[in-house]
Chemist: 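Handing you a structure now.
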Amino acid sequence: MKKYLLGIDLGGTTIKFGLILPTGEIVHQWSIPTNTEQAGSNITTEMIASIQQVLQQKQIGLDEIIGAGMGCPGTVDRTEGSIRNAFNLGWTTPQLVRAQFQENLGLELVIENDANVAALGEKWQGSGEDAANLVFMTLGTGVGGGVIVNNQIVEGVGGAGGEIGHFPVICSHEFSCTCGNSNCLETLASATGIVNLAKKYRKETETSLNHFEELSSAQVFQEAQAGDKVALQVVDEISAYLGTACSVMANLLNPSVIVIGGGVSSAKEFLLDKIAHHFEQGVFPTVKETTQLKLATLGNDAGILGAAYLVKEGENNV
Ligand SMILES: [Zn+2]
């Protein structure tokens, strides 16, 4: 009997797997390192081997798996079932992952962009509370986004819908983005951006941030909470950018919730309250009454849960 959803979260350093019940309960989860050697040419075969090995250990037959879902970086071709331009995996040319899963495991695989998948995870089992309209924003090394409107992921004509990280920010800085533009939201409000901004400001003045040779975004938040003026200036500034970005999205979409996750969000209410302050200044009254800002609750499990949900609900209607 078919019982389990197989959720896969393919990342640049780790591949996470989960056997998940249709109720959302994670029965078993495991991970393997991502082998990016030889342009990542062994990644798919190693994923397949790991799945075979764990199913054998657990004495679970492939016929008990309803289907597999996967969140991944790069550009997904949903028709072909392939991934390309996933530079942190070493994949530039299209990788026919769905066909390899079908051939070796006999499993149907649904592939989707990783931020969209995390958005689905938060919608299903996290702070999204099954909202039909939700925006997910992840603040990590970069800034990623997933937008769900009427229970459907907004993919856009080129598959790049929800690229919140590349919202242009009007500011006095000159930070170049990996996309080729300058001052994209992620050049300022990602973990990397926060450190770059803090390093720029600390040069100019006396601050506790000068006590750290290498600086992390967590240290910037820690010093801001301890009252360091320069650290606070950095946090206030990036909160303004994030709050404005959230108000633009909310005025456009009026979602039930904008969920904020990723490593930077571990600053929790300290960050959320500052973002909310700027958000409220920029939203239309009805939007202010109906769209909530919330912290993500699933952490690292959002990927496998969202990938399982892809299978549960079908590719195009989530
Ligand atoms: Zn950019």
Side-chain angles (χ1 to χ4, degrees), residues 10-13 36 71-77 83-94 112-119 135-149 153-201 215-217 220 234-253 255 258-265 267 271 274-275 278-279 282 293 296 302-303:
L10 171 55
T13 50
T36 55
C72 65
T75 306
V76 176
D77 184 323
I83 304 162
R84 66 187 153 86
N85 292 342
F87 300 109
N88 56 348
L89 304 176
W91 290 357
T92 45
T93 54
E112 185 51 72
N113 168 276
D114 48 10
N116 289 342
V117 168
V135 171
F136 176 69
M137 182 160 75
T138 173
L139 312 175
T141 320
V143 171
V147 177
I148 297 169
V149 173
I153 293 169
V154 174
E155 288 162 358
V157 68
E163 285 288 355
I164 299 165
H166 301 278
F167 274 17
V169 173
I170 295 165
C171 61
S172 59
H173 308 293
E174 233 354 283
F175 290 118
S176 50
C177 185
T178 49
C179 75
N181 295 338
S182 291
N183 299 332
C184 291
L185 186 62
E186 77 170 23
T187 69
L188 295 147
S190 62
T192 323
I194 290 165
V195 169
N196 288 340
L197 201 57
K199 282 184 173 170
K200 182 180 172 183
Y201 286 149
L215 197 59
S216 69
S217 62
V220 175
V234 172
V235 175
D236 284 341
E237 185 174 332
I238 64 112
S239 301
Y241 300 145
L242 290 168
T244 304
C246 288
S247 65
V248 169
M249 292 186 288
N251 284 340
L252 178 68
L253 303 166
I258 299 178
V259 181
I260 300 172
V264 172
S265 73
L271 174 66
K274 287 177 185 293
I275 296 175
H278 295 282
F279 169 74
L293 288 190

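Both ligands and their constituent atoms are indexed starting at 1 by order of listing. The structure displayed is predicted, hence computed values, not measured ones.
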Chemist: Taking the Zn ion (ligand 1) as the center, what protein N, O or S atoms are found at less than 2.8 Å?
Modeler: His166 ND1, Cys177 SG, Cys179 SG, Cys184 SG
Chemist: Only counting residues at least two apart or in another chain, list the ones meeting side-chain hydrogen bond (donor to acceptor under 3.5 Å, both in side chains) with Asn251.
Modeler: none
Chemist: Please check this pair: side chain of Thr187 against backbone of Gly193, looking for a donor-acceptor N/O pair closer than 3.5 Å.
Modeler: no
Chemist: What is the distance from atom OH of Tyr201 to atom CD of Glu237, rounded to the nearest 0.5 Å?
Modeler: 3.5 Å
Chemist: Taking only residues at least two apart or on different chains, which pairs with a member in residues 175-194 satisfy ring-ring contact (aromatic ring centres under 6.0 Å, His included)?
Modeler: His173-Phe175
Chemist: Any donor-acceptor pair under 3.5 Å linking the side chain of Ser190 with the backbone of Val143?
Modeler: no
Chemist: Donor-acceptor pairs under 3.5 angstrom involving side-chain atoms of residues 84-94: please list them, not counting sequence neighbours.
Modeler:
| residue | atom | partner | partner atom | Å |
| --- | --- | --- | --- | --- |
| Trp91 | NE1 | Gly40 | O | 2.9 |

